[in-house]
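Worksheet: one structure, shown below.
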Amino acid sequence: MRYTPKPEHRFSFGLWTVGNIGRDPFGDPVRALRSPVQLVQLLAEVGAWGVNFHDNDLVPIDATPAERDRIVSDFKKALDTHGLVVPMATTNLFTHPAFRDGAFTSNDPKVRAYALQKTMRAIDLGVECGASTYVFWGGREGTETDAGKNPADAGKWFQEAINFLCEYVIDQGYDLRFALEPKPNEPRGDIYLATVGHMLAFIETLDHPQMIGVNPEVAHERMAGLNFTHAVAQAWNAGKLFHIDLNDQNLGRYDQDFRFGSHNIKQAFFLVKFLEDVGYDGSRHFDAHAYRSSDYADVKAFASGCMRTYLILKEKAEQFRQHTEIQDLLAQITADDGAMDRFKGRYSAEKAANLTAYTFDRDELGRRGQPYERLDQLVIELLLGI
Ligand code: GCO
Ligand code: MN
Ligand code: MN
């Protein structure tokens, strides 16, 4: 079947995505809570490859050690039975009231220490279940007012925490990479390290930058009004695209977490095309959830829809590569007669001297238009199936 998900597509979902019970600030849950084992079964039924979790999606925060061990063992059995893997794990540092002012950046040193302890335990749990990527989403790491916290102090606390946890992973001999996930706001008024660009710069200030990449999310860059594919491309060029959160989002709205490709088809297309063109081989994680109006049958339709749309857009990307008119226009757009070859590449004093002496006909350069309207219309028609 043409759009059937297969393990090689690396489609994953968080327990919290298909397990979302539809609570929102205005209304109670609309779907009955399903256990991790039931959710693994649901994901197997729709053909997903991987399942990710926060520590407390799997093990309740108040579980005893014996309960923890039983839950983990049942979960691992379900993974075996259904042939699913755990590519990524993360920590819930936002639900409990202890984290009301952040975790690693809380003003309270006890909360900061507790956040470290909780994360070390969650890392152990993730590794025990097979995770090779560990995500850090600083959902409560921010403020509503800057009156009570110096953002530079908060930045240092964040650095200290990630450095500490890198050393912990090295000390345990774990084969685990960190992926930092930026978001501009929600649930805080403003969250520190708001975009992929902020995160990439932050990573270079840490003690073990080689262990750390990013986990960009479609909705988060869009909430900031940014071009997601550009952010992903910058992460890719930096060798930092360790993971990706796929969903959809309308600009200027609440944090919607819509089904992948359900809102901005064209932007989803350029994203899928980019990931496929460069050969990104990590998880394609759908960090989204079904509409609150859905029942569990519709949750399955939601999950299938995320994967199906990805595969359709992947096929469209292939059609783009095979499309004669599109490729002819691209050849015209990127035409190169080789005249500038002698100025290209690394600097040399000779090149610089030659380039300085060269005379450009800037009016001629300025007369050349680009057929982007024609090209874009062809993309639209390709996407509309004309
Ligand atoms: C959000 C975030 C989260 C994180 C998750 C994993 O907006 O709530 O995207 O879903 O991705 O906590 O770290
Ligand atoms: Mn999100
Ligand atoms: Mn996310």
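For ligands, and for the atoms within them, numbers begin at 1 and follow the listed sequence.
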Would you mind telling me if ligand 1 is within reach of the side chain of [X], the backbone, both or neither, using heavy atoms under 4.0 Å?
| X | result |
| --- | --- |
| Asn215 | neither |
| Asp245 | side chain |
| Phe136 | neither |

So the atoms of ligand 1 within less than 4.0 Å of a heavy atom of Asp255 turn out to be 7 (O)

Using a strict 4.0 Å cut-off to heavy atoms of Val135, name the atoms of ligand 1 that fall inside it. 13 (O)

Give yes or no for whether the N/O distance cutoff of 3.5 Å, strictly under, is met between Glu181 and ligand 1. yes

Would you check the N or O atoms of Trp137, main chain and side chain alike, for any that come under 3.5 Å of an N or O of ligand 1? no

Determine whether the aromatic ring centres of Tyr280 and Phe274 lie less than 6.0 Å apart. no

Looking at Lys149 and Glu144, is there a salt bridge between them, counting it only when a charged N and a carboxylate O are closer than 4.0 Å? no

Would you indicate whether the side-chain heavy atoms of Asn52 and Trp16 approach each other to under 4.5 Å? yes

Please report which non-hydrogen protein atom sits nearest to [atom], along with the residue it belongs to and the distance in Å to one decimal place.
| atom | result |
| --- | --- |
| atom 12 (O) of ligand 1 | His54 NE2, 2.6 Å |
| atom 3 (C) of ligand 1 | Asp287 OD2, 3.5 Å |
| atom 9 (O) of ligand 1 | Glu217 OE1, 2.7 Å |

Within less than 2.8 Å of the Mn ion (ligand 2), any N, O or S from Glu217? yes

Quick check: closest heavy atoms across Arg188 and Arg100, and the distance to 0.1 Å? NH1-O, 3.5 Å

Would you find a donor on one side and an acceptor on the other, under 3.5 Å apart, between the side chain of His220 and the backbone of Glu217? no

Would you verify whether the NZ or CZ of Arg259 falls within 45 degrees of the ring axis of Phe286 while also being under 6.0 Å from that six-membered ring's centre? no

Measure the CD-CG distance between Glu373 and Leu329 for me, rounded to the nearest 0.5 Å. 12.0 Å

